[in-house]
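Quick caveat, the model's predicted, so the values are computed rather than measured. As a basis for the values below, the full set of heavy atoms in this structure was taken, side chains included, without hydrogen atoms, waters or symmetry mates. As the structure lists them, so they are numbered: ligands from 1, and atoms in each ligand from 1.
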Amino acid sequence: MFYLRKLICFILFVLLFTNLTLRIIAQKLTNERAEWFKEARFGMFIHWGLYSAAEGVWKGERLRNSNDYAEWIYYRNRIDKEEYSELINRFVWEEINPEKWILLAKEAGMKYITITAKHHDGFALWNSKASKYDITYYTAHHRDIIKELADACKKHGIKLCFYYSHWIDWEHPYGWNHNMEINPISNREYDIYWQEKVIPQVKELLTNYGEISMLWFDMWIDHSKTIISKKQLMQLKQMIRKLQPNCLINSRLGLSIEEDSDIDYKTLADNQLGDKKEDFPWQSPGTIAHSWGFNSYENQWKSTTSLLKWLINNVSLNGNYMLNIGPRANGEVSVEVSQRLKDIGKWLKINGESIYGAGAFDLNKNQHDWGKITCRKLNNGNTRIYLHIFNWPLNNKLFLTGINDKPQKAYLLSDNSHKSISFKHSEAFTELILPSKKIEQLVYVIVLEYDKYPTITDGLVAKTVDGGYSLTVDNTTNKKACTKVIRTNKYYGSIPAHIQIDTISEYSWNLYIDEPKLLNVDISYSCQSEDKGGNFIIELENQELKAEFKPTGKLVVEPNINMHVDNYKSFNVGKFTIDKAGFYKIKLKINPENSKPKFQWIWIR
Ligand code: FHN
């Protein structure tokens, strides 16, 4: 009995150890494979297929369904397969030149392209032996667009990646389409599709077109909620690893990076931007308007500045951005798209150093109201911090809160001469005196050079562009507060983030105040009680300001629809005297009595 127990313990230990070792090895390989991807940061997605020729309209009827994804027209407008394939006749082959897309990607500063080799319609853009539903069979020209793209990528030094719709395939009788939720197929039937189309087609893509840097699968829900089995996914993954060990695989394969550490990176939802710093690689796929495939009715164009800021946002959190183009059936990229990409490219030509191979810095992502920070460690141990100014301060003073070290030098990245920008530094605060802004760049970048990786003081409330400090329910040092914050988008967002105070409560904030001054203190809250009662004290060292909560009444959100919400009002509560620059703690102590106030912020300036 004793030996049996020992044996079981030993086996369990070995299993656990092997599992852990395998995970570590998988993670290490993933990290090595994804090195180029972290360096690249910016890529082009290309949605091009039969749907491009429909342009979002079928027999005079616009795409059904309010999620205007034009590439979904086959499914949405219930089109017959053979009729749908006739869209091929609208393609203008003499004009189609995929090399132009690669040249555009290059001009935009993108480092890789991902082409929809096969989208949900099941139509392959290459000469596929595994299925006749491909471009070669249906054209007299026998074009292999994938081959043409592979050649162009090689010629211009762009990484080639493929989108392959593995889960959904509307063409194959046993491929998945959502209507099968009503008319199901069996697992055995689905496996016929898997073995006769998915496996051989992915094999073709990985065998016939040279080095493939990434396979981008598109199952946006976990495999457990779909017809695909884990066994099928593992079969596919193992084949990819065998055929092209360096090819990246995204999490939309259907396996999350948490479930399988051999998945190389996480793909966020469509147009979902990063929200937190991650240590593993990740990517947002994004559109310039709404649809991925060409849609003649498109009217939701995003501005170049927004797209650029999204790229910067993602890099500041260690992410990637893959921005889509949906060329027409003559290969043309609409001017709305090409112009935006060229403008981003112009910016990257000058400022690319803050993007390519750069990543997140340790300060809180929302700490500064003027923009976003990225960072790069140099080989000699020096570090460059890049301040991306989304909102140029009117007084040309830029406040950086939280970095303890003094930079050696500051300059504008767009200034070839690296002319020094003057700055003052004390303890955890750097103030830069910017040159007056010229209106040339969409986003100006300031470089701060350090002779080592700078240390930070975490959790300080930053000085805002207009010289104040906003002490909110989000930046308090009281971590528990976060769980109590009430946020709602109801009533058009007219109810701000707040904490309802039911019991005696205390919140505090850490600040660095950089000069002696008299600070005005305001507080914003909502109090619905008409009774007197409830009070608060705001403390700064041995100074305190005390007041009672006052009723704030209601607010009419929109006329005539009885939409009345709690009013949030700010009150001045007095002044604090700051004798010298330094670190300070501000405390808010609330005794709500019966008034149940809802606290929003303190503003000091
Ligand atoms: O359904 C597809 C859609 O057509 C498009 O390809 C996007 C790109 O991320 N992926 C799916 C929806 O998330």
Fill in the blank from the handout: Looking only at non-hydrogen atoms, the one of H47, H120, M322 nearest atom 2 (C) of ligand 1 is H120
Practice task
Return yes if a side-chain donor-acceptor contact under 3.5 Å exists between S128 and Q201, otherwise no.
Solution key: yes
Practice task
Kindly confirm or rule out a cation-pi arrangement of R376 over Y386, judged by NZ or CZ under 6.0 Å from the six-membered ring centre and within 45° of its axis?
Solution key: no
Practice task
Report yes or no: is the cationic atom of K372 (NZ for Lys, CZ for Arg) closer than 6.0 Å to the six-membered ring centre of F361, at no more than 45° off its axis?
Solution key: no
Exercise for the section: May I ask you to identify the nearest protein heavy atom to atom 10 (N) of ligand 1, giving residue, atom name and distance to one decimal place in Å? Expected result: D218 OD2, 2.6 Å
Practice task
Indicate yes or no: does an N/O atom of W72 lie under 3.5 Å from an N/O atom of ligand 1?
Solution key: yes
Exercise for the section: Fit a plane to each ring of Y69 and W292, take the angle between them on a 0 to 90° scale, and name the class: parallel (under 30°), tilted (30 to 60°) or perpendicular (over 60°). Expected result: perpendicular
Handout entry: Proximal ligand 1 atoms for E71, defined as those under 4.0 Å from one of its heavy atoms
Key = 3 (C), 4 (O), 5 (C)
Completion exercise
So for W216 against ligand 1, with non-hydrogen atoms under 4.0 Å, the contacting part is side chain
Handout entry: Pair E204 + K129, salt bridge at N-O below 4.0 Å
Key = no
Completion exercise
Under 4.0 Å between heavy atoms, the region of Q272 that gets near ligand 1 turns out to be neither
Handout entry: Nearest-neighbour protein heavy atom for atom 9 (O) of ligand 1, which is reported as residue plus atom name and distance
Key = D270 OD1, 2.8 Å
Practice task
Identify, by atom number and element, the atoms of ligand 1 in contact range of H119, meaning under 4.0 Å from any of its heavy atoms.
Solution key: 3 (C), 4 (O), 5 (C), 6 (O)
Exercise for the section: Please find out if less than 6.0 Å separates the ring center of H119 from that of Y51. Expected result: yes
